[in-house]
Each structure stands twice: as C-alpha cells, then as structure tokens.
Protein chains: 2
Amino acid sequence: MPHTYEFPRPALTVDCVVFGFDGSGLQVLLVKRGIEPFLGAWALPGGFVRMEENLESAARRELEEETSLREVFLEQLYSFGEPGRDPRGRVVSVAWYALVRPDQHPPKGDTDASDAAWFPIDGLPGLAFDHERILAMALDRLRGKIRYQPVGFELLPKRFTLTQIQALYEAILGRTIDKRNFRKKLLAFDFLIPLEEFTGGAHRPARLHRFDRRKYDALAKRGFLFEL
Amino acid sequence: MPHTYEFPRPALTVDCVVFGFDGSGLQVLLVKRGIEPFLGAWALPGGFVRMEENLESAARRELEEETSLREVFLEQLYSFGEPGRDPRGRVVSVAWYALVRPDQHPPKGDTDASDAAWFPIDGLPGLAFDHERILAMALDRLRGKIRYQPVGFELLPKRFTLTQIQALYEAILGRTIDKRNFRKKLLAFDFLIPLEEFTGGAHRPARLHRFDRRKYDALAKRGFLFEL
C-alpha cells in the first residue's frame with residue numbers, strides 16, 4: 001500500500017450489553033471470564049475485532065461464540081476509549097446493546113467465557129474492566145428509548161398481557177408506575193391488538209395482546225412520547 | 001505487561017461533523033485535505049487518536065488543530081469500521097458531531113488541512129473516504145434530536161427572533177414548516193423569554209428572545225416531543 005500508517009495503534013474490541021425480560025424483571029446476560037485478566041470475574045460478552053470483519057459482525061460473532069445468541073436486535077451504543085480502562089494496555093471498545101425476547105435461545109458458555117448466565121438488573125455482580133460504566137450507559141439509553149421509540153417488540157413475547165408490558169416499563173425505569181394512567185396512555189397510542197386469548201391464571205385470566213407492527217412503526221417514525 | 005495483545009490492530013481515527021447556523025441555513029465545516037490520500041478533496045476534520053489521549057480529547061484536539069474551533073458542544077455519533085473504508089488499510093473511525101453558535105470562532109486551516117470552510121448543507125462538495133455517509137448519519141441524528149431534545153441553544157445566537165428559530169428547524173428538517181402552527185407549539189413549551197429588544201429591520205422590527213435555560217433543561221429531562 002502506498003500510504004500506510006506509522007502510528008502506534010490501540011487494540012480494538014467489541015462488548016455487548018444484552019437485555020432480556022423474563023415477564024417480571026429486566027435481566028442482563030453476563031459471561032464468566034475464562035482467561036486473564038479478571039479470570040473468574042463476570043463481564044459483558046465481547047472480544048477482539050478481526051481485521052476482515054466490520055464492527056457489527058464482530059459483535060454478533062462474539063455474542064454467538066460466548067452465549068449462543070443469534071439474530072437478536074442489536075444497536076451500537078458508544079465507544080469507550082479511556083487510556084487505562086484495560087490493564088493489558090490501550091484498548092478501545094465499541095459497545096453494543098442487544099434486546100432479547102424470552103423465546104430466543106438460552107445462553108451457553110464457550111472456552112473464552114466459561115459460563116454465561118442471566119442476572120436481574122438489581123442483583124448484578126461486580127464486573128470486569130469498565131463494564132459497569134458501559135452497562136449504566138446502556139440502561140440510560142434504554143430508559144430514554146422507551147419514551148420516544150417503542151422497544152417493547154424486542155423484549156416482550158409475541159403475546160403478552162397489559163400487566164407484562166407495565167412490568168417491562170417498570171423494570172426499565174426502575175420504579176413503579178400508576179396502573180390506570182399507564183393503561184390509558186398506552187391504549188391511546190392504538191398499537192396494541194387485543195386477542196381472544198387469555199392467560200391460564202387460576203383466578204382472573206388476563207387478556208393477551210400483540211403489537212400492530214404497522215401502526216407501531218408509523219408512530220415510531222412520526223415521533224412518539226410516552227410521558228411516564 | 002503480563003498480558004499483551006498479539007492480534008493485528010486496525011488504525012483508529014476520530015472524525016467530526018461540525019454543524020453551524022448562519023441565521024438562515026444549516027452549514028457544515030469541512031477541511032481541504034493537504035495530504036494523500038484524497039489530496040485536495042474536502043473532508044470532515046479529524047485524524048489519528050494518540051495512545052495517551054481519550055477519544056473525546058482526540059476529537060477536540062483535531063478540531064482545534066484543523067479549524068481553530070474550541071469549547072464547542074460535542075457528542076459522540078457512531079463508530080465506522082467497514083473494512084475498505086480507507087484505501088490505506090483497516091481504519092476504524094469514531095465519529096462525533098459538534099454544534100457551533102454564530103458567535104464562536106471562524107475556521108482557519110493548518111498543515112494537515114490546508115483550508116477550512118463552511119458549506120451550506122444543500123451545496124456540499126463530494127467528500128473523501130466514507131465521510132458522506134458519516135455526515136448523513138449526523139444529520140439524521142440532529143433531525144431526531146430536535147424533536148425530543150431541544151438543541152437550539154447550541155446553534156442559535158444568544159438573542160434570536162422567532163423567524164430565526166423557525167429557519168433553524170426548517171434548515172435541519174430540510175422542509176418548510178407552517179409558521180402559525182410552529183409558533184403556537186413552540187411558545188406552548190414556555191422556554192423562551194421575550195426581550196424588550198428588537199432587530200433593526202427597516203420595515204418591521206422583530207422581537208428578540210432568549211432561552212430560559214432552567215425551563216429548557218427541565219423539559220429536556222422530563223421528555224419532550226415537538227411534533228413538526
């Protein structure tokens with residue numbers, strides 16, 4: 001190549017914050033590190049970007065290798081590059097966040113990540129590197145996003161109750177929401193389709209709903225504010 | 001260091017999309033490349049990240065070196081890493097966008113960037129590398145942002161007319177807006193303070209306004225949707 005770079009280069013990684021919803025609480029998928037540094041500590045799934053792959057491919061490859069997750073909703077979050085964030089030297093990480101529906105595959109570990117497991121957002125272990133900071137930013141992004149760009153599609157099962165969608169919003173916001181007010185505002189958006197199906201609850205069966213994808217997309221495109 | 005990386009590493013750069021508003025149109029600050037590749041072509045200001053600086057410091061340093069701009073509003077946009085986006089080899093770029101008020105310094109060139117100049121958004125030259133794609137994403141971000149997070153503060157002069165703020169929104173959206181409807185919605189947010197000062201127009205002097213920072217911040221925090 002006629003013009004090559006002579007500068008020293010940081011190493012480049014990707015890290016993924018994977019959110020899931022189990023019907024009542026928000027969860028994060030973590031891997032137990034199988035190599036140094038931070039051997040045995042929990043961390044976000046991730047690893048080195050290869051020279052021939054783009055950044056999203058690297059994130060998807062690492063996610064599949066370390067957790068078996070495939071074809072999830074994935075968006076770039078932010079790039080982290082403080083000198084000193086990795087004890088091995090200068091490492092810049094492009095962070096991503098993923099949203100996983102309950103029907104998607106459960107995690108399993110590989111060699112780099114000896115173990116993978118879901119943790120409740122309010123019961124996380126200490127994390128390796130600056131991964132707590134990355135996770136905090138991902139949660140902030142998710143909190144902003146549910147107000148102006150509906151993300152329920154990516155986290156809820158295909159059929160869900162109004163109680164479940166409220167539980168999802170409460171889990172993301174980290175606080176309780178007034179039920180009556182929430183339902184009134186939610187139904188006014190008119191993107192839920194009530195089904196003639198009910199949960200098999202012992203006492204009071206609850207009606208299932210699904211999203212109207214067309215209305216939901218049109219609303220997201222036009223602009224949307226869910227005042228909570 | 002006990003654990004160093006043995007992998008080949010992409011080079012790492014920062015690039016900045018700098019938006020300005022001249023009172024009627026949206027503008028972008030570009031630099032003419034003084035070195036190969038793309039010698040003589042217009043490009044976004046940017047350059048290599050040094051091993052001892054963080055990503056935002058690199059963006060601010062390059063911006064000052066190439067355009068003399070300092071202390072501007074700067075946010076990270078997205079990281080671009082398609083293999084082949086730079087003819088010199090694998091280069092990943094962390095892109096930023098900056099918003100510059102009219103009272104901030106005009107640009108000047110340095111050695112890497114032999115020339116720096118503002119271009120109207122609807123009259124841009126062809127750009128080096130994948131910088132047109134980066135710019136398109138920055139403009140998308142700005143278009144989204146003005147609907148749910150007011151950004152006028154960062155682009156308007158300290159005192160401005162309602163005609164100017166409408167011109168700014170029109171310039172960002174790339175279309176005309178109904179004046180009566182725009183003013184009604186804008187004033188309903190109650191974050192503008194009308195001043196006892198007027199423009200020196202020959203026929204009809206227009207009232208100047210300023211932002212009420214406190215109300216504006218509270219609104220941005222609570223959530224905001226400007227339906228345009």
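Predicted, not measured: the structure shown is a model, and the values here were computed from it. So you know, we letter chains A, B, ... as the sequences are listed, proteins then strands, and number each from 1. The figures here come from the full heavy-atom set of this structure, side chains too, leaving out hydrogens, waters and symmetry mates.
- Here the options are A:Leu77, A:Asp140, A:Asp130, A:Leu44, the test is side chain to side chain contact (heavy atoms under 4.5 Å, CB included), and the partner is A:Leu135; only A:Leu44 passes.
- A:Thr67 places a side-chain N or O within donor-acceptor distance of the main-chain N or O of A:Leu63, the cut-off being under 3.5 Å.
- Neither the backbone nor the side chain of A:Glu56 comes within less than 4.5 Å of any heavy atom in chain B.
- Taking A:Val94, A:Asn54, A:Leu12 one by one and counting their heavy-atom pairs under 4.5 Å with chain B, the maximum is reached by A:Asn54.
- When all heavy atoms of A:Thr13 and A:Val49 are compared, the closest pair comes out as C-CG2, 4.0 Å.
- Aromatic ring orientation, B:Phe211 versus B:Phe160: tilted (interplanar angle from 30° to 60°).
- Taking B:Gly81, B:Pro10, B:Ala58 one by one and counting their heavy-atom pairs under 4.5 Å with chain A, the maximum is reached by B:Pro10.
- Only the backbone of B:Glu52 comes within less than 4.5 Å of a heavy atom in chain A; its side chain stays farther off.
- Note on B:Gly144, B:Gly84, B:Pro83: by heavy-atom pairs under 4.5 Å with chain A, the leading option is B:Pro83.
- Crowding of B:Lys185 atom NZ: a count of heavy atoms from other residues, nucleotides or ligands under 6.0 Å exceeding 12.
- By the 30° and 60° cut-offs, the orientation of the rings of B:Phe191 relative to B:Phe189 is parallel.
- Considering only heavy-atom pairs separated by less than 4.5 Å from chain B, the leading option among A:Arg50, A:Met51, A:Glu82 is A:Met51.
- Contacts of A:Arg85 with chain B are absent, with no heavy-atom separation under 4.5 Å from either backbone or side chain.
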